> 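Below you will find the structure I want to go over with you.
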Amino acid sequence: MMRNYGGFMQKFSPWEVVRHDVVFPVRFFGHVAVSPSGSRKWIGGEVMQALAYDVPIPGYKTKNTISLRLWEAKAGAKDFNLFQFNDGQYEAAAQLHSRAQQICAVLYPGDATESGKLLRLKQQFFLCSASLQDIIFRFKERKDGGSWQWSEFPSKVAVQLNDTHPTLAIPELMRLLIDDEGLGWDEAWDVTSRTIAYTNHTVLPEALEKWSQVVMWKLLPRHMEIIEEIDKRFITMIRSSRTDLESKIPNMCILDNNPQKPVVRMANLCVVSAHSVNGVAQLHSDILKAELFADYVSIWPTKFQNKTNGITPRRWLRFCSPELSNIISKWLKTDEWVTNLDKLANLRKFSDNEEFQAEWASAKMANKQRLAQYILQVTGESIDPNSLFDIQVKRIHEYKRQLLNILGAIYRYKKLKEMSPEERKNTTPRTIMIGGKAFATYTNAKRIVKLVNDVGAVVNTDPEVNEYLKVVFVPNYNVSVAEVLIPGSELSQHISTAGMEASGTSNMKFALNGCLIIGTLDGANVEIREEIGEENFFLFGATADEVPKLRKKREAGLFKPDPRFEEAMKFIRTGAFGSYDYNPLLESLEGNSGYGRGDYFLVGHDFPSYMDAQARVDEAYKDRKRWLKMSILSTAGSGKFSSDRTIAQYAKEIWNIEACPVP
Ligand SMILES: *Cc1c(COP(=O)(O)O)cnc(C)c1O
């Protein structure tokens, strides 16, 4: 991982230990030199140094500790030009130093410009190269004195590619083995493919990395030669042994040689090279096999796997909600659940117990009060802990459909305004909290944040309704904020267009904390609903297999959106929430005619079933005993979603390793 020194006046981290003894050179640019014997070597260009920092990761109630190694880019001492400096050319003298600093300055630099894209590619390669050189060095160091073979490497080392960001590890490992260690192609390929496994995290086409071949040839010329060779051999294999797949080659191969913009398709490189490819929830893994990677399945039927994500119960229950944790341990008469989360299932037998329910309710209330305090402190808004706390916190993205949530809130506000004071008294008071960050250049996501703030400003100051509805935007969403919000939640929204959220993990955090879910059949929601029971889950919306047909219908104008949806959109356009021009945002939700952009995420289609599910929520919340029972059953059914289970599956089914004993 990258050591982020975060710019000016960064707080110093007491846990990282600088390792001045662990430094590896990383090259950029340059060219490939060919020796008389035909061997190839990457030389020239600029060389930076990768300096290691170690952060200890202690296990829970064990002295077993591993270290997380971070890398910082440095210019070598001899790369400082003292002659230039003494000549008064200070900037020029320090050039490599400043380029090295840029590499670790920002985690996800904006990639709207060519220089931003190049910086990202440099970061990716820098981390891959440093880590692989380190891994090879340590493998040899351990084997020194004894005799060893490269063929043992995959049984000692597993490299799990977390998405396509570290894909360059594939050609870099090949380069190190062939050019530096002297292996032949076939031997290097065998070692590389048995070492590398790939986890896919998205099926959104725009999120699949494609790097310009032109940029890659400049920055990493030897790696491009290796990628060309991998691609060539893959195509040869298809042509010789799978003629039935000939027509699929243009989609399956690694290099897209479109003359307008030739690119390297990183996901294809991963699938071709890795010995294992997995998705992060059952539905997502099924979609990978049926759609994104369908063409490869018949070549490698056993390569594709599922590893449903998990969350750590230490952070997401024991630490963030000590109140609920203590009650659980008291009733289970053990805290074994902290390391064996399946034990939570034993809470099911108390789900109707009045005494248990009362203790459960008081712990949830304490967490709601703490959350209300926090909201007051950061937003100045005072919210009522007796209202239903309804939360959606996650990155702002059109596919996650924060717009569906806020349109629902707007409709609710409009109906409350139309009611008599007597009618309002029969409604379920709600506090809707929405939080999350948007990527720097994602304009529609920023507009959604603005809309939530504008709606809050009107609703929260309207004396007719603000006993019954508040809308709050939670700023600066991060893990520390999540640790306060999630324990205080009663309803959480996981409402992505079906088929688009690979897994989600906050759905698991909320369910573990006794929070009910309103959601679509997407990602891990499917498995959560199976575990906690369909009667304890507020389901709505189109299913993943219906989505493509519905999109076509919507585009063709074959169904009219629900009148309630139209009413909410129209209400925004009246200027009820201020003078900001929301037309560009609202047009994304309209059919293809006029300015409409087709409502790709089917907000209009799912709106009526969403509102019906929300009506079921309001009814269920009025029955306190029923709600508490559902809340208890959510926690009791969350055992499967422990990251301990996920990690054990990776260890057994991909890495072929056994756990260290806990002394
Ligand atoms: C868990 C978590 C996420 C992931 O949320 P999803 O709803 O699964 O997208 C994002 N940000 C923070 C701070 C989290 O803790």
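Start at 1 and go down the list; that is how both ligands and their atoms are numbered. Not measured: the values here are computed from a predicted model.
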> Run the ring pair (Phe, Tyr, Trp, His ring centres under 6.0 Å) check on Y399 and F601 step by step: do they pass?
CA-CA 6 Å; Y399 86 83; F601 301 101; 7.1 Å; no

> So for ligand 1, is T505 a polar contact partner (N or O within less than 3.5 Å, distance only)?
yes

> Out of curiosity, is K400 lining ligand 1, as in a heavy atom under 4.0 Å away?
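Judged by the 4.0 Å heavy-atom criterion, K400 does count as contacting ligand 1.
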
> Set out, in order, the CA-CA distance, both residues' side-chain angles and the distance that settles ring pair (Phe, Tyr, Trp, His ring centres under 6.0 Å) for Y650 and W655, then state yes or no.
CA-CA 6 Å; Y650 276 93; W655 307 328; 5.6 Å; yes

> Would you say the side-chain atoms of N525 pair up with the backbone N or O of H494, donor to acceptor, closer than 3.5 Å?
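Confirmed, N525 side chain pairs with H494 backbone.
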
> Show the atoms of ligand 1 that are less than 4.0 angstrom away from any heavy atom in W316.
15 (O)

> Kindly confirm or rule out an N or O of K394 lying under 3.5 angstrom from an N or O of ligand 1.
yes

> Do R3 and E16 sit within salt-bridge range, that is, some charged N less than 4.0 Å from a carboxylate O?
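Yes, charged N to carboxylate O under 4.0 Å.
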
> Provide the number and element of each atom of ligand 1 under 4.0 Å from a heavy atom of G504.
8 (O)

> May I ask you to identify, for V481, whether its side chain, its backbone, both or neither come under 4.0 Å of ligand 1 on a heavy-atom basis?
neither

> Please verify whether a non-hydrogen atom of F510 lies at under 4.0 Å from ligand 1.
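No.
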
> Check the pair I396 / Y442 against side chain to side chain contact (heavy atoms under 4.5 Å, CB included), numbers first and verdict last.
CA-CA 9 Å; I396 311 288; Y442 190 175; over 6 Å; no

> For S276 and F304, run side chain to side chain contact (heavy atoms under 4.5 Å, CB included): C-alpha distance rounded to whole Å, both residues' side-chain angles, the deciding distance at 0.1 Å, then the answer.
CA-CA 6 Å; S276 160; F304 297 88; over 6 Å; no

> Would you check whether H494 has a nitrogen or oxygen atom less than 3.5 angstrom from a nitrogen or oxygen atom of ligand 1?
no

> Crowded around E534 CD? As in, over 12 foreign heavy atoms under 6.0 Å?
no

> Report the C-alpha separation of H397 and F439 in whole Å, then their side-chain angles, then the decisive distance to 0.1 Å, and conclude whether the ring pair (Phe, Tyr, Trp, His ring centres under 6.0 Å) test is met.
CA-CA 9 Å; H397 222 292; F439 188 62; 9.7 Å; no

> Going by the order shown, which atoms of ligand 1 are within less than 4.0 Å of some heavy atom of V479?
13 (C), 15 (O)

> With atoms numbered from 1 as shown, which atoms in ligand 1 lie under 4.0 angstrom from a non-hydrogen atom of K509?
1 (C), 2 (C), 3 (C), 14 (C), 15 (O)

> Starting from atom 12 (C) of ligand 1, find the nearest protein heavy-atom neighbour and note its residue, name and distance.
Y477 CE2, 3.6 Å

> Which protein heavy atom lies closest to atom 5 (O) of ligand 1, and at what distance to 0.1 Å?
S506 CB, 3.5 Å

> Can you list the ligand 1 atoms lying under 4.0 Å from a non-hydrogen atom of N478?
13 (C)

> With under 30° as parallel and over 60° as perpendicular, where do the rings of F607 and F565 fit, or are they tilted in between?
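Taking F565 first and then F607, their aromatic rings sit tilted (interplane angle of 30° to 60°).
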
